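Only one structure is covered here, and it is reproduced in the block below.
All values below were derived from every heavy atom in this structure, side-chain atoms included, with hydrogens, water molecules and symmetry-related copies excluded. Being a predicted model, the structure only gives us computed values, none of them experimental.
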Amino acid sequence: MTPIARRRWNKFRANRRGWWSLWIFAVLFAVAMCAEFLANDKPILVKYQGALHMPVFRAYPETAFGGDFETETDYRDPAIAAKIRAEGWMVWPPVHYSYRTINYTLTHAFPSPPDSENWLGTDDQGRDVLARLIYGFRLSVLFGLILTAVSAAIGVMVGAVQGYVGGWLDLLMQRFIEIWSSMPELMLIMILSSFVMPNFWWLLLILLLFSWMSLVRVVRAESLKTRNMEYVRAARALGVKEHAILFRHVIPNSLVAAVTYIPFLLNGSLSTLTALDYLGFGLPPGAPSLGELLREGKNNLDAPWLGFSGFFITALMLSLFIFIGEAVRDAFDPRKE
């Protein structure tokens, strides 16, 4: 680690709020990545007639456990559960429901309040709220990370080339970005949703069409400054190829300004996905969505556990990224060197 990188890392750790936010997010994300082992309608491990099975990774027919049908086993079926317990055992995750599992054994109308079976209650379709929160948190963070990474890569590359080359290319790109950024993003998503049912990748592609412009202006400004530095002129005078100068000198120096914006870009990606799901133009119905949970809370004001659960996890997620972003910004601030 270089002395500059070590100094920035120490400055990041000195920001206690950002440092602890990073740890909290890392723990929550690690837990969410193991969602199938925490909330699932299938056992983690089944021992039947001396043989071990892992339904989490593989679908088994009922006939494998003494059933009558070749269809996938419903481990919540009392008859199947009794056959397995008679000749073996099952290890269940802490929450016996997946994000799409409907609890048909409830005696209350949907949505039902929290109890010992559904710790945070159920939504208006009888699905476990805690399971949907775990899966929804993972889906939202993965969506935001992928969108932010691809957007940052495109934005940094476009901004660096635009600022380094300059001239007519810079002028034409600036006019294009001004026109493209003025397009009504939400209206376009609504129009496209009427033709194609949005899924994870389709929605990612639509948002990518607009999100890549967030870093272009910052990186362009740094490239315009870097291309006139003495070491860049010296490299050009020594005959170094233009693309080598761009990737070896211009882009690395432009990343310093871009890195401070990436956590806030991630925050914006998560907010956009949640807002689209809340409006009904995001992920397809049935997907574990925090925005859908917030919409269910609005439509069922007599079930406050829906609104409070969705609000708490969304606010916590966005707050953590804001605090991490502030710590990164302070670490890369040259005025605090």
Short side-chain to backbone donor-acceptor contact, [X] and [Y], under 3.5 Å:
X	Y	value
Thr73	Tyr60	yes
Ser319	Leu316	no
Trp89	Leu45	no
Tyr164	Ile245	no
Asn300	Asp302	no
Ser98	Asn40	no
Thr122	Ser112	yes
Asn118	Pro114	no
Ser182	Ile179	yes
Asp128	Tyr97	no

[atom1] of [X] to [atom2] of [Y]: how many Å apart, nearest 0.5 Å?
X	Y	atom1	atom2	answer
Phe65	Met90	CZ	CE	9.0 Å
Thr71	Asp68	OG1	CG	10.0 Å
Leu273	Leu283	CG	CG	5.0 Å
Leu265	Thr260	CG	OG1	11.0 Å
Glu222	Ile251	CD	CD1	13.0 Å
Leu215	Ile262	CG	CD1	6.0 Å

**Q.** Parallel, tilted or perpendicular: rings of Trp19 and Trp23 (30°, 60°)
**A.** perpendicular
Q.
Once you measure the plane-to-plane angle for Phe143 and Phe200, does it fall in the parallel (<30°), tilted (30-60°) or perpendicular (>60°) bin?
A.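 The rings of Phe143 and Phe200 stand perpendicular, inter-plane angle above 60°.
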Under-4.0 Å salt bridge between [X] and [Y]:
X	Y	value
Glu178	Arg175	yes
Arg127	Glu296	yes
Glu292	Arg132	yes

Q. Got a sec, which residues hit ring pair (Phe, Tyr, Trp, His ring centres under 6.0 Å) with His96, two or more places apart in sequence or on another chain?
A.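 His96: ring pair (Phe, Tyr, Trp, His ring centres under 6.0 Å) contacts with Trp92.
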Is any side-chain heavy atom of [Y] closer than 4.5 Å to one of [X]?
X	Y	result
Phe25	Val141	yes
Asp170	Gln174	yes
Arg295	Asn299	yes
Leu142	Phe29	yes
Ile84	Tyr75	yes
Met317	Leu290	yes
Val165	Arg227	no
Leu133	Phe312	no

Find out if a path of hydrophobic residues (ILVMFWY) with successive side-chain heavy-atom gaps under 4.5 Å connects [X] to [Y].
X	Y	result
Tyr278	Phe308	no
Leu320	Met33	yes
Ile177	Leu224	no
Val219	Ile154	yes
Phe264	Phe12	no

Q: Would you please test Asp41 and Arg100 for salt bridge (charged side-chain N to carboxylate O under 4.0 Å, His left out) and show each step?
A: CA-CA 9 Å; Asp41 54 3; Arg100 60 179 179 272; 5.5 Å; no
Q.
Please determine whether salt bridge (charged side-chain N to carboxylate O under 4.0 Å, His left out) holds for the pair Glu72 and Arg58, giving the CA-CA distance in whole Å, both sets of side-chain angles, and the decisive distance to 0.1 Å.
A. CA-CA 10 Å; Glu72 185 177 355; Arg58 180 183 172 186; over 6 Å; no
Q.
Could you walk me through whether Leu130 and Tyr99 satisfy the side-chain contact (heavy atoms from CB on, under 4.5 Å) test, starting with their C-alpha distance in whole Å, then the side-chain angles of each, then the deciding distance to 0.1 Å, before giving a yes or no?
A. CA-CA 8 Å; Leu130 179 57; Tyr99 67 89; over 6 Å; no
What pair of heavy atoms forms the shortest contact from [X] to [Y], and how long is it?
X	Y	answer
Ala258	Val218	N-CG1, 4.4 Å
Val158	Trp212	CG1-CZ3, 4.0 Å
Gly282	Asp277	CA-OD1, 3.1 Å
Val250	Ser223	CG1-OG, 3.6 Å
Pro94	Phe37	CD-O, 3.6 Å
Gln125	Phe110	C-CD1, 3.7 Å

Q: Using the side-chain contact (heavy atoms from CB on, under 4.5 Å) rule, take Trp180 and Phe210 through it: C-alpha gap first, then chi angles, then the decisive distance, then the call.
A: CA-CA 8 Å; Trp180 189 247; Phe210 300 92; 4.0 Å; yes
Q. What do the steps show when you test Glu36 against Arg138 for salt bridge (charged side-chain N to carboxylate O under 4.0 Å, His left out), and what is the final call?
A. CA-CA 11 Å; Glu36 284 78 10; Arg138 181 178 68 177; 2.9 Å; yes
**Q.** Residue pair Val46, Leu52: steps toward the side-chain contact (heavy atoms from CB on, under 4.5 Å) verdict
**A.** CA-CA 6 Å; Val46 175; Leu52 293 176; over 6 Å; no
Q) Are the aromatic ring centres of Phe323 and Trp20 under 6.0 angstrom apart? A) no
Q) Does the side chain to side chain donor-acceptor pair (under 3.5 Å) test come out yes or no for Thr314 and Thr274, once each step is laid out? A) CA-CA 8 Å; Thr314 303; Thr274 303; 5.1 Å; no
Q: Run the numbers on Leu207 and Ser269 for side-chain contact (heavy atoms from CB on, under 4.5 Å), then give the verdict.
A: CA-CA 8 Å; Leu207 295 179; Ser269 302; over 6 Å; no
